[in-house]
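Some notes on the structure that comes next.
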There are 2 protein chains.
Amino acid sequence: MRRKEGNKEQDIISAAIEVFAKDGYHEAKISKIAELANVATGSVYLYFESKEVLLVKIFSDLWIKLISLVKTINERDDLSSTEKLEGFIDTVFDVFTANSKLALLFVKEQPHFLQEKDNKLNILYNNFLEIGEKILDDGVNNNSFNKNLDKKITKNFIYGGVRHLLHLWALSPDEYPLNKVRQDIKYIVKKGITK
Amino acid sequence: MRRKEGNKEQDIISAAIEVFAKDGYHEAKISKIAELANVATGSVYLYFESKEVLLVKIFSDLWIKLISLVKTINERDDLSSTEKLEGFIDTVFDVFTANSKLALLFVKEQPHFLQEKDNKLNILYNNFLEIGEKILDDGVNNNSFNKNLDKKITKNFIYGGVRHLLHLWALSPDEYPLNKVRQDIKYIVKKGITK
DNA sequence: TTTATTTTTGAACCGTAATTCATTTATAAT
DNA sequence: ATTATAAATGAATTACGGTTCAAAAATAAA
C-alpha cells in the first residue's frame with residue numbers, strides 16, 4: 001500500500017484561495033491551482049469532487065471558524081453590549097487580516113451565494129449574522145442602543161461597510177491601514193447606534 | 001433597403017440586465033438573453049461585439065447617470081453638507097429603486113472590476129466616489145463633520161453598507177422596505193459622523 | 001415588379017477548460 | 001524480493017456556450 005505524503009488537501013485549498021481570489025472563481029483554472037499546489041491536475045479531483053465543491057469547502061470552513069469565534073464573544077458576560085459589538089467587528093477583521101487572499105475571495109464571490117436561500121453556505125452565513133443580531137438585540141433591551149433602528153438593517157449596514165473596506169484593504173493594504181479602518185468603523189458604529 | 005424595427009438594442013440591454021442579475025455574468029447565456037429580448041442569438045452580436053462589451057455598456061450607462069445626479073446635488077449651494085450627504089445617499093437609492101434587477105447585477109458583478117485599476121468602469125466609479133469625498137471634505141472644513149475620521153474610509157464604509165442593503169432589498173423587497181432602510185442608514189451616518 | 005441593400009436568423013463552428021481514466025509510481029505487507 | 005493496493009499523474013475526452021457566417025427575410029429604391 002502507498003500512503004499519502006504531505007498534506008495535499010491543504011495545499012490545494014491554499015492554492016485555490018489564492019487563484020480564486022486573483023482570477024475570480026469562474027476565470028480560475030484548475031490546472032493553475034494544481035500547479036500552485038504542486039500536484040497534477042487530476043489530483044485535485046482525488047480530494048474534491050468538483051471545482052464548485054472546492055469553493056464551497058473554503059467558504060464553509062471560513063464561516064464555521066467565524067461563527068465559533070463570535071459565539072464565544074457573545075457568551076462572555078463580562079462584556080457590555082457595546083464591547084461585544086466591538087468584539088464582533090474585531091473578530092471579522094482579525095480573521096481576514098490573517099489571510100488577505102481569503103478576504104478578497106470572500107468579497108468577490110460571496111454575493112453570488114445570497115440568492116439561493118437554503119444552500120449550505122447561506123445557512124452558515126445566517127447563523128453568523130444571527131449572533132450579531134442577538135448582540136444588537138440585547139443592547140436595545142438593556143438600553144444601550146437606539147430602539148428606533150431596525151436591527152436587521154443596522155447589522156447589515158455594518159456588515160456591508162466592513163466587507164467593502166476589507167475588500168479595499170485586500171487590494172491595497174497601504175491605502176487602507178486596517179488599524180485606522182477598524183478604529184473609524186467602530187467609532188461611527190458606536191456613535192451612530194448608541195443612545 | 002431594410003430599416004430596423006423597434007429598439008432591439010434597448011431590448012437586449014434590458015434582457016441582459018435581467019439575465020446577468022439572475023444568473024451572474026459568467027453563468028448567463030447569450031442565448032437566454034436573446035430569447036428574452038425576442039431576437040435571434042446572433043442578433044446580439046449586431047449590437048454588441050461581445051458578452052463583455054454588453055456588460056460594460058450596462059455599467060457605464062449606470063455610472064454616467066449616477067455621476068450626473070450627484071454632481072448636481074453637490075453643486076447646489078442652498079444645501080448644507082449634511083443635506084448634501086443625505087442627497088447623495090438618496091440618489092443612489094432612487095436610481096436602484098427604479099430598477100431592482102440593475103441593483104442586483106451591480107452588487108454581484110461590480111466587485112470583480114475593482115481589481116484592474118484603470119479600466120473604463122473603475123475610472124467612472126472613482127469619479128462618482130470623488131464627489132462623495134468632496135462632500136465629506138467640505139463638511140469637515142466647515143466644521144459639520146468629525147475631523148478625526150478618515151474620509152476615504154468613511155465614504156467607503158457608507159458605500160459598502162448602502163450597497164449591501166440594496167442587495168438584500170433587491171432579493172427580498174418586503175423584508176427590507178427601502179424607506180426604512182434609507183431612514184436608518186441616514187440616521188446612523190449623520191449621528192456617526194457629525195460632531 | 002424587380003433589384004439592391006440592410007437586417008435578422010440560428011445552426012454550425014471552435015476554443016476552452018472541467019473532468020475522466022488508463023497508466024505509472026510509491027509504499028506496505030508477505 | 002515480490003506482490004498488492006493506494007496514490008498520483010497528465011494526456012485524452014467531453015461538454016459547454018460564445019461567436020461566426022451563409023442563408024433568408026424585409027424593405028427601399030428603381
Side-chain angles (χ1 to χ4, degrees), chain A residues 1-60 105 108-109 112-113 115-116 119-121, chain B residues 1-60 105 108-109 112-113 115-116 119-121:
Chain A
M1 200 174 7
R2 181 183 181 179
R3 79 172 159 221
K4 302 185 185 184
E5 11 162 342
N7 190 343
K8 293 207 168 41
E9 179 170 343
Q10 191 49 54
D11 292 348
I12 292 168
I13 289 177
S14 303
I17 289 174
E18 191 153 344
V19 177
F20 284 157
K22 177 153 193 302
D23 299 343
Y25 173 72
H26 284 96
E27 316 255 281
K29 286 161 209 151
I30 294 287
S31 56
K32 189 170 173 188
I33 293 171
E35 195 183 350
L36 195 63
N38 282 311
V39 299
T41 303
S43 298
V44 173
Y45 289 86
L46 297 176
Y47 294 89
F48 303 96
E49 68 184 47
S50 70
K51 186 180 173 185
E52 194 185 345
V53 165
L54 175 52
L55 180 70
V56 169
K57 165 74 172 160
I58 292 168
F59 275 108
S60 55
L105 169 56
K108 283 171 96 169
E109 302 302 339
H112 290 280
F113 285 104
Q115 210 106 331
E116 314 126 61
N119 65 67
K120 187 182 171 187
L121 291 182
Chain B
M1 203 175 2
R2 182 182 180 179
R3 78 174 162 221
K4 301 184 183 183
E5 12 163 341
N7 190 342
K8 292 205 169 42
E9 178 171 344
Q10 190 49 54
D11 292 347
I12 292 167
I13 289 176
S14 304
I17 290 173
E18 190 152 347
V19 176
F20 284 156
K22 178 153 192 304
D23 299 344
Y25 173 72
H26 283 96
E27 315 256 278
K29 285 161 209 147
I30 294 286
S31 57
K32 192 169 170 187
I33 292 170
E35 195 183 348
L36 195 62
N38 282 311
V39 299
T41 301
S43 298
V44 173
Y45 289 85
L46 298 176
Y47 294 90
F48 304 95
E49 69 186 43
S50 70
K51 187 181 174 184
E52 194 185 345
V53 164
L54 176 51
L55 180 71
V56 169
K57 164 75 172 161
I58 291 167
F59 273 105
S60 55
L105 170 55
K108 284 172 97 170
E109 302 302 338
H112 290 279
F113 286 103
Q115 211 105 333
E116 315 128 60
N119 65 66
K120 186 183 170 186
L121 290 182

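These numbers come from a predicted model, not from an experiment.
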Within 6.0 Å of CD in Gln10(B), more than 12 heavy atoms from elsewhere: yes
Lys29(A) vs Asp23(A), salt bridge (charged side-chain N to carboxylate O under 4.0 Å, His left out): CA-CA, chis, key distance, verdict: CA-CA 9 Å; Lys29(A) 286 161 209 151; Asp23(A) 299 343; over 6 Å; no
To the nearest angstrom, how far is Phe48(A) atom CZ from dA7(D) atom C1'? 16 Å
Tell me the interatomic distance from Ile33(A), atom CD1, to dA8(D), atom C1', rounded to whole angstroms. 18 Å
Verify whether one side chain among Gln115(A) and Lys22(B) offers a donor that lies under 3.5 Å from an acceptor in the other. no
Is the ring pair His26(A)/His26(B) parallel, tilted or perpendicular, if the boundaries are 30 and 60 degrees? parallel
Atom CG of Leu46(A) and atom C1' of dT25(C): how far apart are they, to the nearest Å? 14 Å
Pairs under 3.5 Å (N/O, protein and nucleotides 16-20 of chain C):
from: dA18(C); atom 1: OP1; to: Ala28(A); atom 2: O; distance (Å): 2.9
from: dA18(C); atom 1: OP1; to: Lys51(A); atom 2: NZ; distance (Å): 3.2
from: dA18(C); atom 1: OP2; to: Ile30(A); atom 2: N; distance (Å): 2.8
from: dT19(C); atom 1: OP2; to: Tyr45(A); atom 2: OH; distance (Å): 2.5
from: dT19(C); atom 1: OP2; to: Lys51(A); atom 2: N; distance (Å): 3.0
from: dT19(C); atom 1: O5'; to: Tyr45(A); atom 2: OH; distance (Å): 3.4

Ile33(B) and Ala15(B) have their tightest heavy-atom pair at O-CB, 3.4 Å
Backbone of Tyr25(A) reached by a side-chain donor or acceptor of Lys51(A) within 3.5 Å: yes
In whole Å, I'd like the distance from the NZ atom of Lys8(A) to the P atom of dA6(D). 17 Å
Please classify the nucleic acid contact of Val44(B) as base, sugar-phosphate, or nothing, using heavy-atom distances under 4.0 Å. nothing
Between CG of Asn38(A) and P of dT9(D) the distance, given in whole Å, is 9 Å
Under 4.0 Å from OP1 or OP2 of dT9(D): is there any side-chain N or O of Ser43(A) that close? yes
Nearest whole angstrom, please: distance from the C1' of dT9(C) to the CD of Glu35(B). 14 Å
